[in-house]
Amino acid sequence: MTSDPQNKPLAGRIALVTGASRGIGYATAKALGAAGAQVIAVARTVGGLEELDDEIKASGGSATLVPLDITDYDGLDRMGASLYERWGKLDILVANAGVLGVITPITHLEPKEWQTLLDVNLTANWRLLRSMDPLLRQSEDARAVFLSSSVGSKARAYWGGYAITKAGLEMMARTYALETQKTNTKVVIVNPGGTRTAMRAKAMPGEDPATLPSPDAQAQKILSIIQDPALESGAFVDLKN
Ligand code: NDP
């Protein structure tokens, strides 16, 4: 299929999305695929990844499915090596996968729950970045996008476990932005704000989901940020604004 720069502005670009089996990650991977990027879709749920694959194919795009638990840190390293062998670079990293944990007083969090939050939301993203950094450095114009939350910078009672991991993630992203200032990589932290997903429904069970923007709507905004030539590395973008 010949690429049309109007419809396929990301043709030839390699994009990796974690948490691509549902929610914001799914919608972002789908939008990237429709825009012509070769999508590498990472998550544990194979059914969700296969559904995504079908949708990307239907839009004329192409995806590579990677069923992986991102706390399989060696698996992340192996994925980096495979990407290097196959494409030699990564143009777009969307570090989206995350867990909410339990909304509870910080002193009531079970140690197991605390550890899962740190493992998935923080350590896995550091290991992911560590594995992808050499690939991003091979891109002519790379973007590294990290999905955070308003609670990453503003404390909220009972959200401490999740919030602490997002605060750490934001500091990692800002540090990486400084360390890659002289490279072709631009880093951006995105707060999607309340979005109609499974995670949001768990956090706010009483809320009417119809009042929230869809993951597809948020994905279009993320796509615009990725394509913004004036994007400042290290920026925090709130999709509510
Ligand atoms: P969902 O719960 O709907 O989806 C989370 C995704 O992360 C799934 O695809 C899931 O895939 C993946 N994931 C979770 N754990 C792992 C793991 N161990 N290994 C691999 N993949 C994993 O979340 P949202 O789409 O709502 O959230 C996406 C991001 O946006 C998150 O970082 C979240 O913190 C952030 N956010 C969301 C908001 C909202 O209102 N929805 C508001 C603010 C921030 P699988 O289970 O198949 O592995």
Side-chain angles (χ1 to χ4, degrees), residues 16-31 39-53 63 65-76 79 93-103 112-113 115-129 131 144-154 156 159-170 172-173 188-205 207-219 221-222 225 236-241:
L16 187 147
V17 183
T18 64
S21 61
R22 63 172 183 269
I24 296 166
Y26 181 103
T28 303
K30 187 173 68 169
V39 174
I40 296 128
V42 183
R44 292 166 301 179
T45 310
V46 174
L49 293 177
E50 286 177 345
E51 204 177 301
L52 171 71
D53 191 35
L65 309 183
V66 184
L68 181 71
D69 185 325
I70 58 169
T71 63
D72 173 358
Y73 305 134
D74 293 339
L76 292 176
M79 179 171 70
L93 170 66
V94 183
N96 161 85
V99 289
L100 177 71
V102 182
I103 309 285
K112 196 164 170 264
E113 194 61 49
Q115 196 58 51
T116 301
L117 280 162
L118 285 172
D119 289 349
V120 179
N121 293 358
L122 192 54
T123 307
N125 278 314
W126 171 65
R127 290 295 302 252
L128 176 73
L129 183 59
S131 303
V145 183
F146 296 91
L147 272 288
S148 190
S149 159
S150 59
V151 298
S153 48
K154 189 171 188 297
R156 183 170 182 170
W159 285 63
Y162 174 76
I164 287 161
T165 64
K166 292 298 190 185
L169 180 74
E170 289 189 19
M172 182 188 83
V188 59
I189 301 160
V190 172
N191 170 28
T195 305
R196 199 188 311 151
T197 69
M199 184 187 285
R200 179 72 184 191
K202 185 183 171 199
M204 304 282 182
E207 187 176 58
D208 176 3
T211 61
L212 298 170
S214 67
D216 286 327
Q218 306 304 66
K221 294 183 194 167
I222 293 170
I225 294 164
F236 179 95
V237 181
D238 193 332
L239 297 191
K240 280 188 293 182
N241 300 331

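Given the structure is predicted, the values throughout are model-derived calculations rather than measurements. Side-chain atoms are counted along with the backbone in the values below, which use heavy atoms only and exclude waters and symmetry mates. Order of listing sets the numbers, starting from 1, for every ligand and every atom in it.
The protein heavy atom nearest to atom 1 (P) of ligand 1 is R22 NE, 3.6 Å. The protein heavy-atom contact nearest to atom 46 (O) of ligand 1 is R44 NH2, 3.0 Å. Protein heavy atom in closest approach to atom 23 (O) of ligand 1: M199 CB, 3.5 Å. Distance from atom 25 (O) of ligand 1 to its nearest protein heavy atom, with residue and atom name: I24 N, 2.9 Å. Summary of contacts: the protein heavy atom closest to atom 22 (C) of ligand 1 is A97 CB, 3.8 Å. Nearest protein heavy-atom contact of atom 31 (C) of ligand 1 is N96 O, 3.2 Å. Atom 19 (N) of ligand 1 has as its closest protein heavy atom I70 N, 2.9 Å. If you check which protein heavy atom lies closest to atom 42 (C) of ligand 1, you get G193 O, 3.5 Å.
For atom 20 (C) of ligand 1, the nearest non-hydrogen atom from the set L169, L68, L49, T28 belongs to L68. Evaluated by nearest non-hydrogen atom to atom 36 (N) of ligand 1, the leading choice among P192, A27, G75 is P192. The residue among L212, T197, L239, T45 with a heavy atom at the shortest distance from atom 47 (O) of ligand 1 is T45.
Looking only at atom types and distance, the side chain of D69 has a donor-acceptor partner in the side chain of T71 under 3.5 Å away.
Using a 4.0 Å cut-off between heavy atoms, Y162 contacts ligand 1 through its side chain alone, with no backbone atom that close. With a 4.0 Å cut-off on non-hydrogen atoms, S148 touches ligand 1 through its backbone and not its side chain.
For ligand 1, the atoms lying closer than 4.0 Å to a non-hydrogen atom of G194 are 40 (O). In summary, the atoms of ligand 1 found under 4.0 Å from a heavy atom of R200, numbered by their order in the structure, are 40 (O), 41 (N).
Nearest heavy atom pair, residue I70 against residue T18, reads CG2-CG2, 4.4 Å.
Looking at ligand 1, you'll find an N or O of K166 within less than 3.5 Å of one of its N or O atoms. Checking only distances, S21 does come within under 3.5 Å of ligand 1, N or O to N or O.
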